[in-house]
Each structure stands twice: as C-alpha cells, then as structure tokens.
Asker: 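Handing you a structure now.
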Amino acid sequence: MARSLGLTSLTILAALEHRRCYGLDIVDRTGLLEGTVYTTLRRMEKKGLVVGSWEDPTIAEEERRPRRRYYTLLPEGARELELGRAKVEWITSGAANGVAGGEQGG
Amino acid sequence: MSARGPLWPNDAITRVGRAILRAAAWLVPGGRRDEWLGEWEGEFWQLRGRRAGAFRTTLFVAGAIWHAMFEWKEEWTMESMGQDIRYACRTLSRSPGFALSAIVMLTASIGASTALFTVLEAAVLADPPFPEPERLVVVDQMFGTEAGDQWNAAEWGYPRYADLREDVGSVDEAAGYSLRTMTLTELGDPTLVSVETVTPSLMPLLGIQAVAGRTFGAKEEDRGAPSLSAMVSNGFWQTRMGADPRAVGSIITLDGARLEVLGVLPAGFRGITGRAEVWIPMSALRVIEDPSFLEDPWNLHFNVVARLAPDATLASLQPELDAFASALQRRYPPAVAASRLSFDVEAVSFRDARSNPQAERSILALFGAVLLVLLVATANLAGLMLARGTNRQREAALRSSLGAARGRLLRQFMTESLVLSIVGGAAGVVVARLGIDLLGAWLTGALGTTGGRGIEYLDPAALTIDWSVLAFATALTVLVGLAFGLLPAWQASSADPNESLRGGHASEGGRRWSLGLVGRNGLIVVQVAVAIVLLTGATVMMRSMSNLQRLDLGYDREDLVTALYNLPSSERAAGADLATFHVDFLDRVRALPGVQSATLGEVPQAGPTWTGIVLSSEGRPELTPAEHTWIRLQPVADGHLDVLGLELLEGRDIEPTDDQTSDPVIVLNEIAAAELFPDGNAIDQRIEVSWRELSGEGARVVGIFRTAQLGPLGGPPERQGLVSVRQAPRFESGLMVRTTRPVDDVERDIRAAMAELSGSTVLNSVMSMEERVASVTARPRVVTGLLGFFGGLTLFLVAAGLYGTIAFVVARRTPELGLRLSLGAEPRSILALVMKQSLGVTLVGIALGGAIAPWATHFLAELSFDAEGFTWTSLAPVFLILLLVAVAASVIPASRALRIDPVASLRSD
C-alpha cells in the first residue's frame with residue numbers, strides 16, 4: 001500500500017473486525033455520520049478491503065423489512081487494520097521521538 | 001407489493017424520507033442505482049424502527065444524498081472521461097469526412113456568432129466607459145414652435161449652464177462640452193484637429209485624470225481671466241508631438257491662438273464625444289472667438305452632461321428641471337423672434353443619448369441571423385449524427401449486451417458530439433479573433449459608430465475577445481454540442497439489443513414513425529423554416545436596396561464632387577467679409593480647368609444644415625404663432641438649381657445680382673410653397689423667417705423648384721428654402737462642383753484654390769456625391785449582403801441535409817422498395833413515394849417559416865428605405881427556390897430507388 005489508511009477507514013475496519021455489520025450498525029458503533037461511513041465503505045470495497053453482501057431474502061421477508069446489506073472484513077482489510085494499529089501505537093508510544101524503543105511501523 | 005413485503009411505518013416522515021431517497025437515487029449511475037436504493041431503504045427502515053427524531057432523520061437523509069453525489073462523481077472520473085474522449089477521437093478518425101465537415105460547419109458558425117457577439121457587446125451591451133455610468137445624464141434645452149413640430153436645440157449658453165449647476169439640487173455636478181474642428185498650425189502642415197471646448201468640471205465628472213501635467217482647474221473656470229491653455233490626448237502627444245517628455249508647458253497653435261499644454265490625458269480617452277484630440281477650456285473662447293461669448297444667455301453653443309446626486313433618479317430630476325425651465329424663461333426673456341417658441345429642459349440617460357438605434361438594430365438583426373445559421377448547422381449535424389447513429393445501433397447493442405449501462409453509452413455518444421463542438425468552438429474563437437482584426441473596422445464603420453449627439457461610441461480598435469465573449473463562446477459550444485448530440489445519442493443507446501443484433505435494419509421501413517425518422521424530419525423542417533426566414537429577410541432588404549439604386553433623389557448625383565469647409569475663428573475675428581470670402585472662393589473654383597459649374601450650399605447627406613422658423617407669410621395672413629413652422633434654409637450661389645440638376649417649376653433661380661444691395665430673395669421647394677401659399681401664386685409674395693437677414697421686411701419668393709431628397713435618405717421630404725449666399729452667408733458651407741475630372745485630381749486644385757485665399761481654412765471630406773450616397777447606404781447594404789450570404793449558406797445546408805436524409809431513407813428501404821418493384825409496382829410510383837416524403841417535409845418547413853417570416857421582416861423594415869417592408873409577394877420567390885432545392889436534393893437519391901434490382905436487394909438481407 002502506497003498510502004496508509006486514515007483514521008476514519010481504520011475505525012470502520014475495527015468495527016468490522018469480529019462481526020459483519022450493516023451500515024446503521026457501523027454508524028452506531030463508530031459515531032461517524034452516514035455520509036462518511038458509506039463513501040468510505042465504497043472506497044474500501046473498491047480497494048478490496050471489505051465486501052458487501054445482501055442478506056438472505058427469506059430472513060427479511062420473515063421480519064417484514066427490506067433486505068440489509070452486510071459488510072465483512074476481507075484478509076487484505078485485516079492486514080491494513082494491523083498495520084494501522086501498529087502505526088497508531090508507534091504514534092502514541094512516543095517512539096518517533098526516541099523516548100522508548102520499538103520497531104518503526106510501516 | 002407482495003403480502004410478505006416490508007412493513008413500513010405509515011407516517012409523513014417515512015413517506016417524505018423514502019421519496020427523497022428515490023429522488024437521490026437518480027444521481028447514482030444506472031448500474032448501481034437499484035443496489036444503492038435497496039441498501040439505503042434497508043437502513044432507513046432500521047432508523048424508522050428506532051423512532052428517530054426529525055434531526056436524526058435529516059442527518060440520515062443528508063448522508064444518503066451525500067453518498068449519491070459521491071457515487072455520481074465516482075462515475076465521472078478523469079479516467080473514464082479520458083477513455084470516452086479517446087474512444088470518440090478514434091471513432092471520428094474512422095470517418096474523417098464527417099468529422100471534418102462537422103468541424104468546418106461548427107467553426108464557421110460559432111466563429112461568426114462569437115465575432116458578432118463581440119460587436120454586440122461593444123455596441124449595445126457595454127456601459128459607457130466612465131465610473132458609475134448609470135448616474136450620467138445629458139440635459140437638453142428643448143425649443144419648439146407652438147405648432148408642435150418641436151426639435152432639439154440641445155445647446156446651452158454659459159449663464160444658463162451656471163444656473164443649472166447652482167439651482168438644481170439633484171445634479172451633483174454638470175459640465176459643458178462642444179466639439180469643433182480647429183486648424184492646427186506650427187506643428188507640420190496645417191491640419192484639422194477635433195477639439196472639445198469644455199468646462200473644467202468635465203474631467204472630474206468623467207473620472208479622468210491626466211497622465212502627465214494636470215487637468216483644468218479653478219483657474220481655467222474663471223471667466224474674468226481667460227486661460228489660453230489646452231490638454232492633449234495620448235495619441236496627439238505621441239504622433240504630433242513625438243512623445244516629447246517636455247510637452248507639458250509647451251505651446252500649440254489652434255486657429256491662430258497660442259495655447260499652453262497643461263496636461264496629457266490617458267491613452268484611449270477621446271473625450272466625451274469619443275473623437276477629440278485636444279481640449280481647451282471654454283473660457284478661452286473669449287479670446288479666440290468673441291469677448292461676450294460666455295456672458296450672453298442666448299449664445300447657445302454647447303451640450304451639458306451631468307452626474308446625478310447619489311439618491312436622485314431621472315424621474316426625480318424631471319420635476320426639478322420643469323421648475324428650472326420656468327425660472328430660466330423668466331430670467332432670460334427671449335428676443336422677439338423666439339418668443340413664440342415653447343421651452344423645456346429635459347434629461348435623458350447618457351447611455352440612451354449616445355445610442356444609435358439604427359446601428360443597434362442592424363447589429364441585432366445580424367446577430368439573430370448568425371444564430372439562426374448556427375441553429376441550422378446544429379440541426380444539420382444532428383441529422384448527420386442520427387444517420388450515423390442508426391448505423392451504430394449494432395455497436396451500441398453489442399456493447400450494452402456486454403454489460404455497458406445505458407447511461408454510459410449515452411455519455412459515450414455525447415462525448416463524440418462534444419469533442420466535435422469543442423474543437424469547432426476553439427477554432428471558432430480563433431476565427432472570430434482573426435475576423436475582428438480583419439473586418440471589425442469595416443463592419444463597425446459600415447454599421448455606424450456614431451450615436452446620438454455625434455458621440456463616437458464604438459471604437460473598432462476596442463473590439464476584443466474578453467472574458468464575457470469567451471464565456472459566451474463556451475456556453476454556445478457546450479449548448480451546440482449537447483443539442484446535436486442528445487437526440488442521436490438517445491436513439492443509439494435506446495436500441496433494443498435483440499432486434500438490432502438480429503435484424504440489421506429492416507426495422508425502419510416497417511416502423512414508419514421511429515424516433516430516428518421523426519427526429520430527422522423535424523430537423524429538416526427546422527432548417528427549411530430558418531432558410532425561409534433568412535431568405536425573406538434578405539429579399540426584403542435587397543428589394544429596398546434596388547429601389548434605392550433606382551431612386552430618383554431629385555438631383556443629378558453623377559460627376560459631382562463635393563467638399564465641406566468652415567471659416568476658422570481667426571479669420572472671423574479678422575473681420576473678413578463672409579459673403580466676399582465665399583464668392584471669391586467659388587469664383588476661383590469655377591475658373592479651374594475641367595470644372596463645368598460649381599455652387600455653394602448644403603451638400604446632400606453631408607451638411608452643413610441650417611434651419612429657420614417661418615414667422616409670417618403673405619400667402620397666409622392669418623398665420624398665428626401657434627402655426628409657425630420650421631424650414632430648412634441654405635445660402636446658395638447663383639445657378640444652384642442648374643448645378644445640382646434640380647428642376648425649376650416657376651420663376652427663377654438665385655442670381656449673382658441677389659446681393660447685399662438688393663431685396664432679399666428666397667426660392668422655395670414645392671412643399672414649402674404649397675404650405676405657405678395654399679392659394680398658389682407664391683411668386684413675388686413675401687415670407688418672414690427667423691434669420692436676421694430675412695426678418696422684418698422678409699424675403700421675396702422668386703422661384704419654386706421640385707421637391708428633392710436633399711435631407712437624410714429615407715426620411716420624409718422637408719420644407720426647403722434657398723437663399724443667396726451674397727445676402728445671408730454663414731461661417732460654414734459646402735462646395736459642389738460639376739466636373740468629369742477624377743476626384744483626386746480636382747481635389748488638389750480645389751485645395752490649392754482655398755490655400756491661395758486663406759492659409760488657415762482647410763477643406764474637409766472631399767468626396768464624389770456617389771461616394772456619399774454609397775456611404776450613407778453602407779449599413780443597409782452590409783445588412784443585405786450578410787443576410788443574403790447567410791440565406792445562401794442555409795439553403796446549401798438545407799439541400800445537403802435533404803439529400804442526406806433522402807439518400808439514407810432510400811438505402812434503408814431498399815429491400816421494401818425492391819419487394820414492391822418485384823410485385824409489379826410502377827417505377828414512377830416508387831419515385832412518387834420517395835418524393836412525397838421529401839416534399840412533405842419541405843412544405844411543413846415552408847409553412848412554419850412563412851408563419852415566422854412576417855414577424856422577422858417587420859424588424860428589418862426599420863432598416864430599409866422602403867416603407868413597404870413585408871409582403872406575401874416577396875415571399876413567393878423564396879418558397880419557389882426552396883421547393884426547387886428540395887426537388888433537386890431529393891431527385892438524385894430517389895432516382896436510385898428506380899435502379900434497385902429486386903432480386904439482389906432481397907438477397908442481400
């Protein structure tokens with residue numbers, strides 16, 4: 001990756017880490033706005049970090065509601081999330097100023 | 001909706017929210033739209049389930065719109081646009097003939113439109129080049145006879161002007177100006193220069209500052225101590241003074257007066273009249289002309305321009321001016337002759353005062369015509385694109401069956417037309433620029449650059465392609481590109497993939513009213529209608545012009561050389577006897593070799609013009625002041641009627657013996673005689689006119705001549721009176737010489753004759769009478785010529801469009817026609833079938849054009865010298881021409897239908 005992901009993207013990836021979510025779910029868990037969440041999701045979908053898939057129509061029919069579209073983390077997205085975490089750690093640990101030892105994140 | 005469909009809450013917020021989502025979905029590119037809407041509806045259902053408040057819902061909907069816009073933007077990436085453009089270029093390069101003819105058509109029509117818009121902007125739309133031009137007004141004094149034939153005296157006397165500045169509160173500042181021609185000596189050969197005599201308030205009022213030295217100030221305002229000073233234009237300083245850095249403080253000599261140069265004005269500024277090279281303070285006239293010049297309220301010799309107070313308007317100013325006019329009447333009781341005049345002071349905006357309605361109308365007419373040509377070119381291109389589009393339906397169908405969204409295809413085809421129009425538009429701007437450089441001066445000269453009050457309002461050098469012109473050209477380019485691309489793109493992308501891939505092109509013959517066919521026919525109708533309008537306009541103008549060529553002006557304008565001259569004030573101050581001066585000059589001219597005869601007076605179409613008021617007539621003893629009427633007078637030499645070829649009806653011409661020692665005489669034209677002497681027998685009766693020499697006893701009528709068009713062409717005939725130059729001379733005069741010698745040749749001799757008599761009097765505008773009439777008729781000739789050219793161009797485009805369409809239809813219907821032929825149809829009936837279509841379309845176009853043409857020619861009638869204007873007979877030849885063109889354009893492709901080999905045509909498909 002030429003450019004590491006921004007905080008917004010990382011936040012969304014983190015929200016998807018252990019479970020698949022639909023849009024409003026992500027909004028609730030991250031506190032970001034719909035416009036931000038969806039445009040970011042779309043970009044990450046294009047890059048192959050996440051994938052969206054429609055739920056089984058029978059479930060929606062059971063519950064008398066429109067179908068939801070769930071987003072799942074892809075392996076590439078998980079890798080990006082790891083790299084992001086390392087970077088955040090590096091920033092917060094003060095390693096950049098040589099205060100504490102530690103490996104330089106990507 | 002099925003029974004097991006989503007259960008939506010039944011409330012207003014939900015309904016509105018879903019409607020907004022559905023509307024926003026249109027922003028999303030077609031391929032993604034359904035998915036997008038489905039996902040957001042799912043989210044919205046969740047949100048409603050939580051009973052979220054209005055604020056939360058609004059935020060949600062805004063997020064959805066934002067996302068839709070994001071999706072829309074994603075589709076229009078540079079990458080995909082680049083793809084479209086590359087693809088369009090490749091496609092176009094495969095049919096270079098089409099691409100080239102499209103670009104040429106677009107370049108020519110967008111170029112011409114842009115060039116004319118530049119002229120329109122400079123002449124009609126642009127504000128006067130002074131700060132806050134909307135506050136500038138021209139204030140006029142209006143004198144009129146009580147009979148109501150009011151005319152505009154316009155000129156002011158200094159005391160009246162001073163009162164205006166003092167008394168009228170809505171006027172912030174006022175300035176006086178007048179333009180005169182003065183003789184410049186001691187800077188090379190004597191030459192005439194245009195001089196504005198101004199009050200010092202003019203430059204501050206116009207916001208003009210000197211670039212070197214200073215403008216006039218309080219010292220130059222002082223009437224007690226006249227200032228012999230001047231300011232010069234940048235052009236004057238550069239060409240006549242060699243850009244001398246010591247120009248300020250140096251001396252120039254005008255009409256013999258030595259004036260100190262106080263300042264040089266900015267480049268491009270030519271005074272309020274747009275023509276001045278030198279400015280002198282009005283107070284200098286006390287020395288140059290007449291010591292009492294500025295004291296006499298009846299010495300009316302300049303115009304007044306004013307700047308309104310910030311809160312004042314023209315409407316609020318007028319009541320003040322009415323009161324001011326009454327005050328002036330009381331303050332300066334008029335002399336006896338003028339007492340029967342009505343008096344008014346009126347203000348008009350400077351913008352209106354300087355406008356030239358005839359020139360503006362000409363420019364608007366040409367601009368309209370050129371836009372019509374552009375419309376025809378656009379329709380023509382749309383027709384060509386439609387034909388191509390039909391052939392490309394297979395391509396579109398193939399791509400769409402391979403998964404291309406319809407919007408994407410539409411965009412692809414639109415890109416092609418936009419590429420064409422942008423290339424054409426860019427080339428058009430270059431063409432416009434070249435055209436303005438080459439033809440701008442000629443065009444503006446012919447259309448007229450002089451507005452009201454002789455203000456030169458359009459400087460051809462100032463015609464430039466500025467930002468507003470570029471914006472216009474850009475808008476036009478995009479509009480044209482969209483216009484000729486949309487219909488064909490729609491057609492091509494809406495093709496049913498199955499049918500197109502399977503069937504080839506049998507469909508068109510079967511479905512008679514396909515979108516393509518209706519579109520193509522509609523386009524031809526538009527082109528024919530526009531051609532009718534343009535050609536009718538050109539015909540009306542042409543007929544008016546040919547009437548003018550044959551027009552009997554009432555005098556003989558062949559072999560007549562004319563010139564104007566004006567006795568400079570230095571000569572006047574020297575007390576030269578005016579009558580002797582004029583007669584001496586005329587005698588010298590008459591003695592020149594090759595001169596058959598010569599006279600003095602008003603040169604038709606050129607001036608100078610003089611008027612007087614008829615105060616009494618022996619033919620109408622009951623003539624009351626309310627019936628006083630004005631008459632155009634001119635001091636002429638003996639034998640005047642003979643020289644001009646005017647027809648003497650009764651009595652005699654002016655003779656050499658009509659001099660200061662004899663009784664004043666006058667020769668009237670027929671209308672004046674009929675009006676002033678309703679009973680006939682005018683000869684030897686007397687009339688009294690408001691000229692000093694002709695008042696009191698009055699002048700004796702000695703002759704009557706046939707009314708001729710001596711005033712402006714196209715205007716109504718006027719009352720005219722000839723008086724003897726020996727009895728009532730004026731400072732200015734015109735010279736008319738009957739000779740077969742070339743103008744240049746005789747001009748040299750005439751100038752020499754004047755130089756012998758007076759070193760400082762310069763002959764102005766030496767020209768043959770034919771040239772003068774031609775220059776007056778230049779505007780309608782240019783409008784006629786260009787309209788004719790545009791009409792011809794349109795006719796050509798119509799022919800090409802019809803030809804293309806018919807050829808296309810025949811090619812399309814070959815199998816069907818072949819079948820008919822093989823079933824025994826007469827070849828003639830096949831021809832009729834094809835011709836019926838082309839003539840039908842043409843006739844609809846003619847009907848439409850015929851309905852619009854009267855309205856369009858009504859607009860042109862004002863420009864012609866022909867009161868007749870629009871008539872149905874003027875339309876008949878145009879109809880005929882178009883029908884002939886339609887027949888010619890369709891007969892060639894139609895005859896191809898006759899040569900169809902039924903067997904081959906059926907096999908081919």
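Here is the naming used below: chain letters follow the sequence lines, and residue numbers restart at 1 for every chain.
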Asker: Has the side chain of B:T14 got a donor or acceptor atom that lies under 3.5 Å from a matching backbone atom of B:N10?
Answerer: no

Asker: For A:R67, is it the side chain, the backbone, both or neither that has a heavy atom under 4.5 Å from a heavy atom of chain B?
Answerer: backbone

Asker: Quick one: do A:E80 and A:K87 make a salt bridge, cutoff under 4.0 Å?
Answerer: no

Asker: Of the listed residues (A:T36, A:L33, A:V37, A:T39), which shares the most heavy-atom pairs with chain B below a 4.5 Å separation?
Answerer: A:T39

Asker: Answer yes or no: is there an ion pair linking A:R79 with A:E82, defined by an N-O contact shorter than 4.0 Å?
Answerer: no

Asker: If you measure from the Lys or Arg side-chain nitrogens to the Asp or Glu carboxylate oxygens, is any gap between A:E45 and B:R32 under 4.0 Å?
Answerer: no

Asker: For B:I65, is it the side chain, the backbone, both or neither that has a heavy atom under 4.5 Å from a heavy atom of chain A?
Answerer: neither

Asker: How would you list, in number order, the residues of residues 33-45 of chain B that have a heavy atom less than 4.5 Å from chain A?
Answerer: B:E35, B:G38, B:E39, B:W40, B:E41, B:G42, B:E43, B:W45

Asker: So which atom in B:G485 and which in B:S417 form the shortest heavy-atom distance, rounded to 0.1 Å?
Answerer: CA-OG, 3.3 Å

Asker: Taking salt bridge (charged side-chain N to carboxylate O under 4.0 Å, His left out) as the definition, give me every residue that meets it alongside B:D11, ordered by chain and number, with sequence neighbours left out.
Answerer: B:R48

Asker: Could you pull out the closest heavy-atom pair between B:T378 and B:A483, with the gap in Å?
Answerer: CG2-CB, 3.8 Å

Asker: Which of residues 23-32 of chain A have a heavy atom under 4.5 Å from any heavy atom of chain B?
Answerer: A:G23, A:L24, A:V27, A:D28

Asker: Around atom CH2 of A:W54, are there more than 12 heavy atoms of other residues, nucleotides or ligands at under 6.0 Å?
Answerer: yes

Asker: What residues, two or more places apart in sequence or in another chain, satisfy ring pair (Phe, Tyr, Trp, His ring centres under 6.0 Å) together with B:F70?
Answerer: none

Asker: Determine whether a donor-acceptor pair (N or O, by modelled atom type, separation under 3.5 Å) exists between the side chain of B:S421 and the backbone of B:T477.
Answerer: yes

Asker: How long is the span from the CD atom in A:E34 to the CZ atom in B:F60, to the nearest 0.5 Å?
Answerer: 5.5 Å

